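See structure below.
First listed ligand is number 1; within each ligand, the first listed atom is number 1. In what follows, every heavy atom counts, from backbone to side chain, and hydrogens, waters and symmetry copies are set aside. Being a predicted model, the structure only gives us computed values, none of them experimental.
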Amino acid sequence: MTEFFNIPKIVYEGKDSKNPFAFKHYNADEIVAGKPMKEQLKFAMSWWHTLGGDGTDMFGAGTADKSFGGKTGMEIARNKVLAGFELMHKLGISYFCFHDKDLVPEGDSLQEFQQNLDEIVPFIKEQMAKDSIRCLWGTANLFNHPRYMHGAGTACNADVYCYAAAQIKKALDITMALGGNGYVFWGGREGYETLLNTDMAFELENMAYLMKIAVEYARGKGYTGDFYIEPKPKEPTKHQYDFDAATVLAFLQKYGLEKDFKLNIEANHATLSAHTFQHELHVARINGAFGSIDANQGDPLLGWDTDQFPTNVYDAALAMYEVLKNGGFTNGGLNFDAKPRRASHTYEDIFLSYIAGMDTFALGLKIADKMIRDGRIDAFRADRYASFREGMGAKIRAKTADLCTLSDYALSLGRVSEPSSGRQEYLESIVNDVMFGG
Ligand code: XUL
Ligand code: CO
């Protein structure tokens, strides 16, 4: 068997290890919060960044070779499969995520694209069977080709809309064939640059209809997994329709899609929308719509979607706090929608990046579990609302007091009791204590 990466299998060596090619914190079978870490974290490899991304940016050519020794399009595609499974095996990653276009060349026609997909899917299934590696989610790339310059589901051209429908249908077929339990709609170019040429209501209605018929199609084929929308506020368009979790929830509710759809929250998209990663996860969770995570991080000084591997332990801990509060993942998981920096261009860097990301989320999980077991933060938050447990507060909660009753009560009070302190700094010091204390 050809080996693509001259790197050994990565094992857990513990926090004192200085071996760059070892996990310091991710110990797959260690039980944290009642489940092995590998089940709590459900790490996934992103096909596009890991097997496709060559470091090209708008100022310069690629710095990494991702042909994996292949010469023709389909040979490269097959080698990518083999390289991807070698990488997942060596890192102990059990899931992958893909766009249709990540897997094979598009060729000259939709027919050729679909034939190429039909050729690669059985080959991927063979590799999956060898290593019990599974598909976390699939999606269709509806943003790269020039035909999608005005959007796909929100395109101003009906033929383009149908082309997108064909890609979605095939991507759903493949996701189902690979046993995936998730299908993502990331609104690639679903947005606008100027309202001078855009009928927003028209476009959103079309988008919702495409999602509805996609759900009908997949459910009709017996698909029981989740559909996700992945919010993002901008980039590539100035104003992406799926701005943030709250905007997406309103869209789903308006068009009656909320039963089939959950959210795939990406850290870098959250910060682009001027929210924290935790905020977006929290909004999804309290609305029963938390689904999956695209794990990465942005750079606050750059302000675009840099898709860096997550190394910020503090953010990872607050994210995993939300995941644990949600009862963990069901169909979702942690997909590294992340790429090494352009100058980190070697195969070693891919492994080192995944190790960094996996160790960061392992630490995040352990800290989140400790925060919950510590209990001080949860107790403080619950206690902050103590006045709603009795008297007029309890009546408000029971929704039995009308506006006049509340007004009469306020008038009878004389003086309102002094508000309690929010104690933010104290609570932040508890997080530090949980992280670094004994
Ligand atoms: C783009 C992005 C996508 C989606 C899948 O910002 O995050 O890769 O995750 O289409
Ligand atoms: Co993403």
| Derivation and outcome, side-chain hydrogen bond (donor to acceptor under 3.5 Å, both in side chains), residues Thr237 and Gln240 | CA-CA 6 Å; Thr237 72; Gln240 298 280 118; 2.7 Å; yes
| task | Enumerate the protein N/O/S atoms at a distance below 2.8 Å from the Co ion (ligand 2), ignoring waters. | result | Glu230 OE2, Glu266 OE1, Asp294 OD2, Asp337 OD2
| request: Return yes when atom CG of Asp108 has more than 12 non-hydrogen atoms of other residues, nucleotides or ligands closer than 6.0 Å, and no otherwise. | output: no
| message | I'd like to check the side chain to side chain donor-acceptor pair (under 3.5 Å) partners of Tyr354; sequence neighbours left out, ordered by chain and number. | response | Thr50
One line per pair, note the atom names and distance for all nitrogen or oxygen contacts under 3.5 Å between ligand 1 and the protein.
from, atom 1, to, atom 2, distance (Å)
ligand 1, 6 (O), Lys232, NZ, 2.9
ligand 1, 6 (O), His269, NE2, 2.9
ligand 1, 6 (O), Asp305, OD2, 3.0
ligand 1, 7 (O), Glu230, OE2, 2.7
ligand 1, 7 (O), Glu266, OE1, 2.8
ligand 1, 7 (O), His269, NE2, 3.3
ligand 1, 7 (O), Asp337, OD2, 2.8
ligand 1, 8 (O), Trp48, NE1, 3.4
ligand 1, 8 (O), Asp337, OD2, 3.2
ligand 1, 9 (O), Glu230, OE1, 2.7
ligand 1, 9 (O), Glu230, OE2, 2.9
ligand 1, 9 (O), Asp294, OD2, 2.9
ligand 1, 9 (O), Asp337, OD2, 2.9
ligand 1, 10 (O), His99, NE2, 2.7

| task | Could you point out which residue of Tyr183, Phe185, Phe143 forms a ring pair (Phe, Tyr, Trp, His ring centres under 6.0 Å) with His99? | result | Phe143
| Polar contact flag, side-chain donor to acceptor under 3.5 angstrom, Asp337-Trp48 | yes
| said: Is it true that, when you exclude Phe380 itself, more than 12 heavy atoms of the residues, nucleotides or ligands shown sit nearer than 6.0 Å to its CZ? | reply: yes
| said: Check Arg342 with Asp54, please: is the shortest side-chain N to carboxylate O separation under 4.0 Å? | reply: no
| said: Among residues at least two apart in sequence or on other chains, which ones pass salt bridge (charged side-chain N to carboxylate O under 4.0 Å, His left out) with Asp374? | reply: Arg376
| Counting distance only, does the side-chain N/O of Asn27 pair as donor-acceptor with the main-chain N or O of Tyr12 below 3.5 Å? | no
